[in-house]
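Some notes on the structure that comes next.
We count residues from 1, following the sequence as given.
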Amino acid sequence: MAHELTVQELEKFSADFNKNPENKVIARAAQRSGVLEASYNDRVQSELTRVFSTELDTDNVTNQKHSGRCWEFATLNVLRHAFGKKYKAKNFTFSQAYNFFWDKIERANMFYNRILDSADMPLDSRQVKTDLDFAGSDGGQFQMAAALVEKYGVVPSYAMPETFNTNDTTGFATALGDKLKKDALVLRHLKQYGKEDEIEKTREKFLSQVYQMTAIAVGEPPKKFDLEYRDDDKKYHLDKDLTPLEFLHKYLGDVDFDDYVVLTNAPDHEYNKLYGLPAEDNIEGSIRIKLLNVPMEYLTSAAIAQLKDGEAVWFGNDVLRQMDRKTGYLDTNLYKLDDLFGVDFKMSKADRLRTGVGQVSHAMTLVGVDEDNGEVRQWKVENSWGDKSGSKGFYVMNNEWFNDYVYEVVVHKKYLTDKQKELAEGPITNLPAWDSLA
């Protein structure tokens with residue numbers, strides 16, 4: 001039944017507010033400094049110590065700046081830690097611009113595929129509208145980055161440096177999105193009128209234009225480069241005339257993405273089930289996005305085991321919740337909004353996902369954990385927001401935040417149970433593009 005607000009009700013609400021004198025004190029603080037600062041919990045800093053019982057050897061951090069490339073940065077951070085450990089070069093970095101370039105071309109191709117597949121659906125259908133909404137966007141998943149690395153290899157950061165349009169993707173993303181949406185209308189028309197002979201020619205023309213746009217905005221990727229660096233012992237290394245794939249296979253040939261599984265904790269979905277997100281796959285015929293949904297304790301135990309074996313862990317999370325950029329604190333009690341507003345904000349993880357309050361909004365890298373007699377106290381997190389946030393770019397996360405706001409970890413399948421290894425091989429239940437895990 002619809003309800004219309006009355007003047008009498010509004011007057012009662014005002015009276016209820018003003019009868020508590022504390023509300024005016026709280027209001028002044030919130031209005032002057034903002035609700036987050038006014039609800040900031042100082043006690044957190046005494047509990048997050050930045051000392052870890054297990055910690056990888058790290059130094060510098062990367063910076064995605066104003067872009068949605070966290071999934072690429074986190075993946076390349078895992079690879080660079082593997083390279084650094086193997087070759088004693090912990091500050092070696094890979095080019096994110098290189099993989100970003102190829103993602104734009106491959107993702108455009110997948111977009112055209114999906115538009116053609118859904119040409120018989122109305123333009124305002126949920127499927128078509130979702131595909132159009134994501135056109136030109138930056139966001140992604142671990143397997144998307146893995147697929148790019150597997151097909152195109154990697155290059156050092158100096159071989160393809162960042163540009164204005166990789167550091168700030170806003171303008172290019174808008175231009176590319178506009179172009180893809182216009183192309184979608186043309187391809188839908190050709191498909192609907194049965195002009196199959198024109199589709200491939202038109203698609204090739206459109207892809208060539210996407211390549212042209214990306215080359216202008218980002219620069220063309222190098223076909224060959226010289227690997228040159230000094231290791232942690234200041235020893236000089238030079239390996240000339242490598243292709244990106246030769247570099248990958250020669251220096252990181254022991255990294256097999258098929259050996260890794262994305263464990264997800266989504267209590268709004270059935271546990272012990274393998275889910276797919278075909279609407280987000282970015283390379284035709286390559287690695288598919290697969291998420292094995294299990295209870296949270298399995299994400300914790302697998303991540304710890306991988307860290308103890310000296311390997312970083314990619315993880316997907318909702319970083320904008322209970323986070324302070326300046327200190328790098330991730331703590332569920334960081335902002336006491338319940339106390340500030342006098343309202344109960346608590347929701348289960350499942351309900352947050354069901355309502356859209358919870359989402360996988362960011363990817364980072366676990367590089368340490370602190371345990372006390374088997375109980376996890378805190379985690380060390382490498383972010384990709386540069387060294388001016390957190391403690392020189394590193395964040396510290398309490399275990400409650402990990403349980404509440406972490407949704408995915410990427411771990412080697414050797415850390416899974418036998419049953420989980422079996423489930424990870426399929427079958428896959430595909431989820432729509434608007435699912436809470438997308």
Side-chain angles (χ1 to χ4, degrees), residues 66-69 71-72 96-141 143-145 147-148 151-152 160 163-221 276-289 430-435 438:
H66 194 68
S67 72
R69 299 175 294 157
W71 53 284
E72 290 180 317
Q96 293 87 12
Y98 175 79
N99 298 93
F100 176 81
F101 179 96
W102 293 118
D103 181 60
K104 290 306 171 189
I105 314 304
E106 291 284 0
R107 208 186 294 208
N109 182 58
M110 290 294 279
F111 173 79
Y112 295 144
N113 288 347
R114 293 184 184 112
I115 286 299
L116 288 166
D117 288 343
S118 62
D120 59 339
M121 299 181 186
L123 196 60
D124 61 355
S125 67
R126 195 173 191 182
Q127 180 63 59
V128 178
K129 191 168 187 315
T130 301
D131 286 337
L132 293 172
D133 286 344
F134 282 112
S137 64
D138 290 349
Q141 303 269 358
Q143 287 102 334
M144 295 169 64
L148 291 164
K151 183 170 181 178
Y152 294 102
M160 187 169 179
T163 70
F164 180 94
N165 296 302
T166 57
N167 284 331
D168 185 346
T169 59
T170 308
F172 180 49
T174 300
L176 183 58
D178 289 352
K179 184 222 169 357
L180 293 174
K181 291 169 187 174
K182 180 182 178 182
D183 294 349
L185 297 177
V186 175
L187 291 173
R188 281 172 57 87
H189 176 85
L190 293 176
K191 183 74 171 180
Q192 289 165 355
Y193 285 88
K195 299 182 179 181
E196 299 292 336
D197 55 331
E198 294 184 40
I199 288 176
E200 289 310 312
K201 182 172 63 176
T202 304
R203 185 213 302 262
E204 183 178 349
K205 172 189 171 184
F206 288 163
L207 285 170
S208 179
Q209 291 171 342
V210 170
Y211 187 101
Q212 175 180 309
M213 290 176 66
T214 311
I216 289 171
V218 181
E220 277 200 288
L277 290 171
E280 295 188 15
D281 292 335
N282 63 335
I283 299 182
E284 187 66 43
S286 186
I287 299 173
R288 301 273 72 89
I289 296 173
N430 286 326
L431 301 171
W434 49 88
D435 188 84

Which pairs, with at least one residue in residues 170-181 and sequence neighbours excluded, count as a salt bridge (charged side-chain N to carboxylate O under 4.0 Å, His left out)?
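Found K179-D183.
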
Pairs in or reaching into residues 120-132: which pass salt bridge (charged side-chain N to carboxylate O under 4.0 Å, His left out), with residues at least two apart or in two chains?
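Matches after skipping sequence neighbours: K129-D133.
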
So, for [X] and [Y], which heavy atoms are closest and what is the spacing to 0.1 Å?
X	Y	value
G136	A173	O-CB, 3.4 Å
A438	Q141	C-NE2, 4.5 Å
F101	P221	CD2-CG, 3.3 Å
T202	V186	CG2-CG1, 4.1 Å
M144	I289	CG-CD1, 3.8 Å

Within this structure, what is the [atom1]-[atom2] distance for the pair [X] and [Y], rounded to the nearest 0.5 Å?
X	Y	atom1	atom2	result
I105	M213	CD1	CE	10.0 Å
Q143	L277	CD	CG	8.5 Å
D168	T163	CG	OG1	10.0 Å
S137	L180	OG	CG	9.5 Å
I115	L190	CD1	CG	13.0 Å

In chain order, what residues pass the salt bridge (charged side-chain N to carboxylate O under 4.0 Å, His left out) check against E280, with sequence neighbours excluded?
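Testing E280 for salt bridge (charged side-chain N to carboxylate O under 4.0 Å, His left out), a comparison that skips the adjacent residues, returns none.
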
Salt bridge (charged side-chain N to carboxylate O under 4.0 Å, His left out) against K151, all qualifying residues, sequence neighbours excluded:
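For K151, the residues satisfying salt bridge (charged side-chain N to carboxylate O under 4.0 Å, His left out) (neighbours in sequence not counted) are E106.
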
Less than 4.5 Å apart, side chain to side chain, heavy atoms only: is that true for [X] and [Y]?
X	Y	result
Y211	K104	no
F111	L132	yes
D138	E72	no
M160	V218	yes

Would you say N113 and E284 are linked by a side-chain donor-acceptor pair, where the criterion is simply a distance under 3.5 Å?
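There is such a pair between these side chains.
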
Has the side chain of T214 got a donor or acceptor atom that lies under 3.5 Å from a matching backbone atom of V210?
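It does hold such a pair.
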
Contacts of [X] that satisfy side-chain hydrogen bond (donor to acceptor under 3.5 Å, both in side chains) - sequence neighbours left out:
X	answer
D281	R288
N430	none
R107	D103

Which residues pass the side chain to side chain contact (heavy atoms under 4.5 Å, CB included) test with [X], sequence neighbours left out?
X	value
A147	N282, I283, S286, I287
A217	N165, F172
Q212	I216

Side-chain donor-acceptor pairs under 3.5 Å in residues 192-201, sequence neighbours left out?
{"residue": "Q192", "atom": "NE2", "partner": "A119", "partner atom": "O", "Å": "2.8"}
{"residue": "E200", "atom": "OE1", "partner": "R203", "partner atom": "NE", "Å": "3.3"}
{"residue": "E200", "atom": "OE2", "partner": "R203", "partner atom": "NH2", "Å": "3.1"}

Go through the steps to decide whether T166 and R69 satisfy the test side-chain contact (heavy atoms from CB on, under 4.5 Å), and finish with yes or no.
CA-CA 9 Å; T166 57; R69 299 175 294 157; 3.7 Å; yes

So, using ring-ring contact (aromatic ring centres under 6.0 Å, His included) as the criterion, who are the partners of Y152 when residues are at least two apart?
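Testing Y152 for ring-ring contact (aromatic ring centres under 6.0 Å, His included), a comparison that skips the adjacent residues, returns W102.
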
